[in-house]
Amino acid sequence: MPRTYDDAQFIDTFEHEYTWLNGFMRNVRRFSERPAVIDPETDRVWSYRSLNLEANRLAHALQKDGVRKDDVVMSALHNSAEFCTAYIGPRKLGAVLLAANFNLAAGEMALLINHNKPKVVLYTARIRDVVVQAAVMCMWKPLRFVMTDNRENLPLPAGHVLYEDYLRDQSGEEPQRDFRPHIYDEVVRLCTSGTSALPKSVPVNDINEVLSAHDVIMQYPLSSRDVCLNMTPWFHRGGCHCGGPCPVFYAGGAVVALRTFRPQTVLDWTAAYGITFLTGTPSNLEMLCRAQEHTARDLSGLRGIVAMGGPLSKAACLRFRTVLTPRIFNGYGTTETFWNSFLRPYDLPDKAGSVGCSCIDDEVRVVAMNGTLHGSPDDMVPHDGVTEGEIIIHAPGKTTCSYYKGDAMGKATFYKGWMYTGDTGTWDEDWVVTVHGRRDDMMVVAGENIYPAQIEEAVCEHPKVQDCMVTSLPDDVRGQAVAAYIVAADESLSLKEISDFCAASPLLSKYKKPRYFAFVQELPYSETGKRLYRTLRERAVSDLESGVLKKAGS
């Protein structure tokens, strides 16, 4: 249907020029000598000009190896300048960066290579042996393996090439393009956990990148004067897109590369490099807090700390605000959709424990679970803070609503433009959402449906409890029984003390009270801070048999 004006030039300009790379190149021109990447471990700084030159050299090297439009370049890299050049360089050729988890086992990496068929693999020297094993195991054989960040001078595997040698003698000029970019082109492919050893591959297109960057710039707000450090790996959506290369380079700011999280290091660098925003999981923040209490650093330059991967309790939020910075943020989302609800400093601590309301361009709903795969997006549960449903997300600007070679998974996850997260929760009259657990983490005790997060929150009210995760055990009478794994903040905490505390808790109905307890040194979390309930559930029976889990009152 014709419009009231001639829209041809607008459509042509918008669809082909409103790209993340064009935004980065604007900053190369206007902020040429400003820092883009700060790498304290190697005492190096890349300006926007020098970062672009290195990205161009990488693009030319890839082009020489035959990398073209829609080909895949795989990286398994720590947060580093090499990650940044890998993030930028391939898209100059229209290629796709597959950002892989450097913690994968060799078999998992081989499956990922077979599934995505990268022409070139860039990997950090620390995982050399894993990559060598994966190269033998995989059916698809990449043309090139490039080892980066070899600061320990490890021997180079046969047939592999050092990153420095791969880029040597390559031109720093912009590579010639034989295609025209489009905002729907896939530029990054991220991985998220699946039900098998093969991670799900999540395609991210160019307009997703731009609008994800806009979301961060708007929410913080983020500017060209900010310096950001993400305490989680950049290969995650929450790593790359929250205070990582995607929004920071689009805004013209600087990122600080942290390869391995150490709280003392983060605090030292915050003071030394003028870091304005930190991003991490609630557990990262807890460790920062303890380190700051032990040896205080000057954190007055911080404009905010963003927690991702789980809601903050009110007690934790109050502590972080006092010890670290009064400007605490908390985001909720998925690999597929980035973040979709957000708590800002003025929301906390009052709304702590929830995940807040929808972001400006998104919508988060809680819909009825009627035993079908997808409840209707319009069949919302009451806003009473009690009735539970599945949390679904509408984020049209930040998701492709698909998986690479995953049509069946896509149909199971996406419906009518909504992502069905599998998270369960409630919402109140202000549309504030509280996550209660997972559909597949739900426990049925004496015919009652209960969720781990409800019990964990109550257990963590005990002053001697640092952290807690809850799972279930088979029970002949009740069907399932609740088991609580506890990391103690005080070694004097006894089984009787925590058992009596739970028995007296006003937050726990009788059927919700844990019947078994285990004191452990750590709990299973993913790299992004998500609780790995399946891992805990799989070990619970053997822990009971070995005596790690003990019955309350024993």
Side-chain angles (χ1 to χ4, degrees), residues 20-21 24 37 55 58-59 62 67 70-104 108-124 126-127 130-131 134 142 145-149 163 185-194 198-206 208-209 212-213 230-250 255 257-259 279 308 333-338 398-400 402-406 526-528:
W20 184 92
L21 186 58
F24 170 75
V37 182
L58 176 59
L62 294 171
V67 174
D70 297 330
D71 286 336
V72 175
V73 176
M74 176 176 167
S75 71
L77 303 173
H78 289 97
N79 299 0
S80 59
E82 290 83 0
F83 183 100
C84 297
T85 55
Y87 185 72
I88 299 165
R91 71 180 73 201
K92 295 199 174 199
L93 308 175
V96 179
L97 174 69
L98 170 66
N101 186 339
F102 51 72
N103 291 314
L104 293 177
E108 295 171 309
M109 190 167 290
L111 288 173
L112 200 61
I113 291 172
N114 287 337
H115 185 69
N116 291 277
K117 296 180 169 51
K119 281 192 173 179
V120 175
V121 176
L122 295 93
Y123 67 93
T124 182
R126 294 184 190 178
I127 62 167
V130 171
V131 172
F145 285 91
V146 182
M147 187 166 77
T148 77
D149 214 12
Y163 177 81
D185 288 343
E186 183 186 9
V187 290
V188 175
R189 192 174 296 166
L190 301 171
C191 300
T192 188
S193 58
L198 174 67
K200 293 182 290 187
S201 297
V202 178
V204 179
N205 65 32
D206 214 316
N208 295 156
E209 291 269 280
S212 294
N230 197 310
M231 294 175 275
T232 67
W234 286 339
F235 60 70
H236 288 301
R237 187 83 185 254
C240 187
H241 288 76
C242 178
C246 175
V248 176
F249 292 162
Y250 199 82
V255 295
L258 178 75
R259 290 167 177 79
T279 306
M308 299 282 288
T334 68
T335 299
E336 293 85 345
T337 60
F338 186 35
K398 295 181 292 190
T399 180
T400 57
S402 65
Y403 298 105
Y404 174 70
K405 291 184 181 178
S526 72
E527 288 286 340
T528 55

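One is the number of the first residue; the rest follow in order along the sequence. No experiment lies behind these values; they were computed from the predicted model shown.
Here Tyr163 pairs with nothing under the ring pair (Phe, Tyr, Trp, His ring centres under 6.0 Å) rule; sequence neighbours left out. By the side-chain contact (heavy atoms from CB on, under 4.5 Å) test, Asp206 is found to be paired with Thr19, Trp20, Val187, Val210, residues two or more places apart in sequence or in another chain being considered. For Asn103, the side-chain contact (heavy atoms from CB on, under 4.5 Å) criterion is met by Asn101, Glu527, not counting sequence neighbours. When the side-chain contact (heavy atoms from CB on, under 4.5 Å) test is applied to Ser526, the partners found at least two apart in sequence or on another chain are Thr528, Lys530, Leu532. By the salt bridge (charged side-chain N to carboxylate O under 4.0 Å, His left out) test, Asp185 is found to be paired with Lys69, residues two or more places apart in sequence or in another chain being considered.
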Legend entry - Test side-chain contact (heavy atoms from CB on, under 4.5 Å) applied to Val131 and Met109, step by step: CA-CA 8 Å; Val131 172; Met109 190 167 290; 3.9 Å; yes
Inset, instruction - Just do the side-chain contact (heavy atoms from CB on, under 4.5 Å) check on Val73 and Val96 with the steps written out, would you? - result: CA-CA 6 Å; Val73 176; Val96 179; over 6 Å; no
Inset, instruction - Could you give me the CA-CA distance, side-chain angles and deciding distance for Met147 and Thr124, then say whether side-chain contact (heavy atoms from CB on, under 4.5 Å) is met? - result: CA-CA 6 Å; Met147 187 166 77; Thr124 182; over 6 Å; no
Inset, instruction - Please report the C-alpha distance between Lys92 and Leu21 in whole Å, then the side-chain angles of each, then the deciding distance to 0.1 Å, and finally whether the side-chain contact (heavy atoms from CB on, under 4.5 Å) criterion is met. - result: CA-CA 8 Å; Lys92 295 199 174 199; Leu21 186 58; 3.8 Å; yes
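One distance of note links CG of Leu258 with OG of Ser80; it measures 11.5 Å at 0.5 Å rounding. Here the straight-line distance linking atom NZ of Lys398 with atom CG of Asn205 works out to 13.5 Å at 0.5 Å rounding. Interatomic distance, Thr148 OG1 to Glu82 CD, rounded to the nearest 0.5 Å: 5.0 Å. Taken to the nearest 0.5 Å, the CE atom of Met308 stands 8.0 Å off from the OG1 atom of Thr279. We find the CZ-OH distance between Phe145 and Tyr123 to be 8.0 Å, quoted to the nearest 0.5 Å. How far CG of Leu98 is from CG of Leu122: 11.5 Å, rounded to the nearest 0.5 Å.
A heavy-atom distance below 4.5 Å is found between the side chains of Tyr87 and Val188. For the pair Leu97/Ser75, a side-chain contact is recorded, criterion being any heavy-atom separation below 4.5 Å from C-beta on. Using a 4.5 Å cut-off on side-chain heavy atoms (C-beta onward), Thr400 and Asn208 make contact.
Residue Ala59 comes nearest to Leu93 through the heavy atom pair O-CD1, 3.3 Å, listed as atom of the first residue, atom of the second, then distance. The nearest pair of heavy atoms linking Ala95 to Val67 is CB-CG1, 3.7 Å. Between Met74 and Ile113 the shortest heavy-atom distance is SD-CG1, 3.7 Å. Ala55 approaches Ile88 most closely through the heavy-atom pair CB-CG2, 3.7 Å. Across Leu104 and Val130, no two heavy atoms sit closer than the pair O-CG1, 3.5 Å. Listed here is the closest heavy atom pair of Ala134 and Ala110: O-CB, 3.9 Å.
With 3.5 Å as the limit, one finds a donor-acceptor pair spanning the side chains of Tyr403 and Glu336. In this structure, a donor-acceptor pair under 3.5 Å is present between the side chains of Arg237 and Ser212.
The side chain to side chain contact (heavy atoms under 4.5 Å, CB included) test with Cys191 is passed by exactly one of Leu112, Asn116, Thr335, Val202: Leu112. The side-chain hydrogen bond (donor to acceptor under 3.5 Å, both in side chains) test with Asp149 is passed by exactly one of His78, Arg259, Arg126: Arg259.
Using a cut-off of 4.0 Å between Lys/Arg side-chain N and Asp/Glu carboxylate O, Asp71 and Lys117 are scored as not salt-bridged.
A distance-only check finds a donor-acceptor pair linking the side chain of Asn79 to the backbone of Trp234 [under 3.5 Å].
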What side-chain donor-acceptor pairs closer than 3.5 Å can you find for residues 238-249, not counting sequence neighbours?
from	atom 1	to	atom 2	distance (Å)
His241	NE2	Glu209	OE2	2.6

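Ring centers of Phe102 and Phe235: under 6.0 Å apart, within the cut-off.
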